[in-house]
Visitor: 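First the structure, then my questions, so here it is.
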Amino acid sequence: MSSSQLKSQIAKFAKIPPTGISLKEMCEIGSIPSQESLYKSNKFIVNELPIRLAHRIEELDTLPNGLNKMSSIEKVKNWYTKSFEELIEINSLSTSNSSNSSSINHHIKFNRLVTDTLKTIKKRHDPTVATVAQGVLEWKNSTNQNLVNYSIQSFLDRFYMSRIGIRMLIGQNIAINEEPSRDNYVGVICKRTNLKEVAIDAIDNSRFICEEYYGIFESPEIELICPNIKGEETEKDLTFMYVPGHLMHMLFEILKNSLRATVETTIKSNPGIDLDQLKFKPIKLIIIKGLEDITIKISDEGGGIPRSEIPLVWTYLYTTIKEIPDLDPSYNKTDFRAPMAGFGYGLALSRLYARYFGGDLKLMSMEGYGTDVYLHLNRVSTTEALQ
Ligand code: ADP
Ligand code: MG
């Protein structure tokens with residue numbers, strides 16, 4: 001396709017509003033994975049994804065104050081454009097081939113082609129968060145921009161939120177095509193996500209990263225408390241429909257922050273004491289299942305945050321860490337999993353993940369004492385259409 005054809009296709013698709021599908025619909029499509037239902041789902045995705053990608057391409061193209069000209073932003077735009085092109089080629093193929101489009105062989109071939117293409121696309125876009133972060137950083141350094149630039153903030157919120165939706169669709173489609181019948185799972189959605197299990201994993205991973213980062217033998221304890229309404233411990237029943245990967249991401253980010261605050265305030269208030277002799281205040285992770293929401297509260301005694309800085313913690317690139325870790329965009333992780341802190345993305349992205357399924361993330365702090373983070377999760381089987 002010539003570049004002018006491509007441009008006009010992008011402009012055309014960018015005019016179509018995206019279509020949301022609810023979690024319930026995703027589950028329904030995925031739970032009857034015949035070649036025919038997969039075909040329907042794949043046809044939907046090769047129509048829907050180009051629309052969503054086109055919206056983002058246009059937005060990247062028109063970012064204000066020269067942000068659109070940053071090389072990392074252009075790189076991301078090229079990935080979006082390439083993926084757009086690959087998808088509309090399949091799209092036109094599927095419509096031009098309509099004579100035998102009802103045959104089972106055609107369905108199988110089409111499903112394979114879409115799944116392979118989606119896998120390539122997913123991989124191509126893995127470093128998007130890091131690369132956009134890099135672009136914003138370059139721009140910030142080159143123009144001396146104010147960190148709390150609201151148009152950039154709302155662009156990034158929209159951009160990353162849309163990315164969560166796109167990756168959800170792609171991940172879901174690859175999963176239902178490749179592993180149709182995993183216990184309790186429909187694609188990447190787990191109908192019985194076990195909160196306690198995910199919390200234990202997040203605790204282990206974040207403590208491990210903390211120990212590595214500070215070179216300490218044992219990081220602060222994280223107490224997992226799951227009382228039921230009567231105040232007794234509940235072992236069972238803490239399951240609900242969710243995407244375990246999203247839950248893991250949020251808990252991991254929040255816990256790393258609490259661990260860092262706890263370790264650093266303890267070091268500060270005990271100058272000269274050997275790190276391994278330090279006694280840390282434990283962090284509490286409390287999970288309550290209410291009727292409407294599941295709420296997870298993470299409380300630390302890590303010294304809190306000054307009230308004037310609270311709005312900043314939700315901005316991208318706000319971090320109190322001195323040395324920003326290497327933002328190498330070729331970095332091969334799906335998200336910022338590995339570093340202890342330093343991109344300033346932890347809270348902002350986690351709040352997007354929470355909101356994506358109708359939940360929210362709030363933070364309350366007592367300066368001089370500690371911080372409480374509330375993660376509200378809507379019991380999503382009722383959630384409306386998502387984009
Ligand atoms: P990062 O951890 O990469 O700096 P985050 O978005 O996770 O980015 O956090 C932003 C900033 O908010 C942190 O640098 C820190 O200053 C502050 N912060 C977050 N959580 C806590 C906490 N529990 N206690 C104290 N400060 C916190
Ligand atoms: Mg963090």
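Whatever order the structure lists them in is the order used to number ligands and atoms, beginning at 1. From a predicted model like this one, the values you see are computed outputs, not experimental measurements.
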Visitor: Taking only non-hydrogen atoms of Ser350, do any sit less than 4.0 angstrom from ligand 1?
Guide: no
Visitor: Classify the ring geometry between Tyr242 and His246 as parallel (under 30°), tilted (30 to 60°) or perpendicular (over 60°).
Guide: perpendicular
Visitor: Do any of the N, O or S atoms of Tyr345 sit under 2.8 Å from the Mg ion (ligand 2)?
Guide: no
Visitor: About how many Å separate CG of Asn91 and CD of Glu48, when rounded to the nearest 0.5 Å?
Guide: 11.5 Å
Visitor: Can you measure from CD (Glu197) to CE (Met248) and round to the nearest 0.5 angstrom?
Guide: 12.0 Å
Visitor: Are any of the N/O atoms on Gly302, whether in the backbone or the side chain, positioned under 3.5 angstrom from an N/O atom of ligand 1?
Guide: no
Visitor: List every atom of ligand 1 that sits less than 4.0 Å from any heavy atom of Gly304, numbering the atoms from 1 in the order shown and giving each element.
Guide: 25 (C)
Visitor: Give a yes/no on ligand 1: does Glu309 have at least one heavy atom closer than 4.0 angstrom to it?
Guide: no
Visitor: Does the side chain of Asp157 come under 3.5 Å of the side chain of Tyr316 through a donor N or O and an acceptor N or O?
Guide: yes
Visitor: Between Ile305 and ligand 1, which part of the residue brings a heavy atom under 4.0 Å of the ligand: side chain, backbone, both or neither?
Guide: side chain
Visitor: Show which atoms of ligand 1 fall inside a sub-4.0 Å distance from at least one heavy-atom site of Asp300.
Guide: 22 (C), 23 (N)
Visitor: Check each of His55, Arg163, Glu59 against Arg158 using the side-chain contact (heavy atoms from CB on, under 4.5 Å) test, and report the only one that passes.
Guide: Glu59
Visitor: Does any N or O atom in Arg260 lie less than 3.5 angstrom from one in ligand 1, N or O only?
Guide: yes
Visitor: CD1 of Ile298 to CE of Met250: how many Å apart, nearest 0.5 Å?
Guide: 10.0 Å
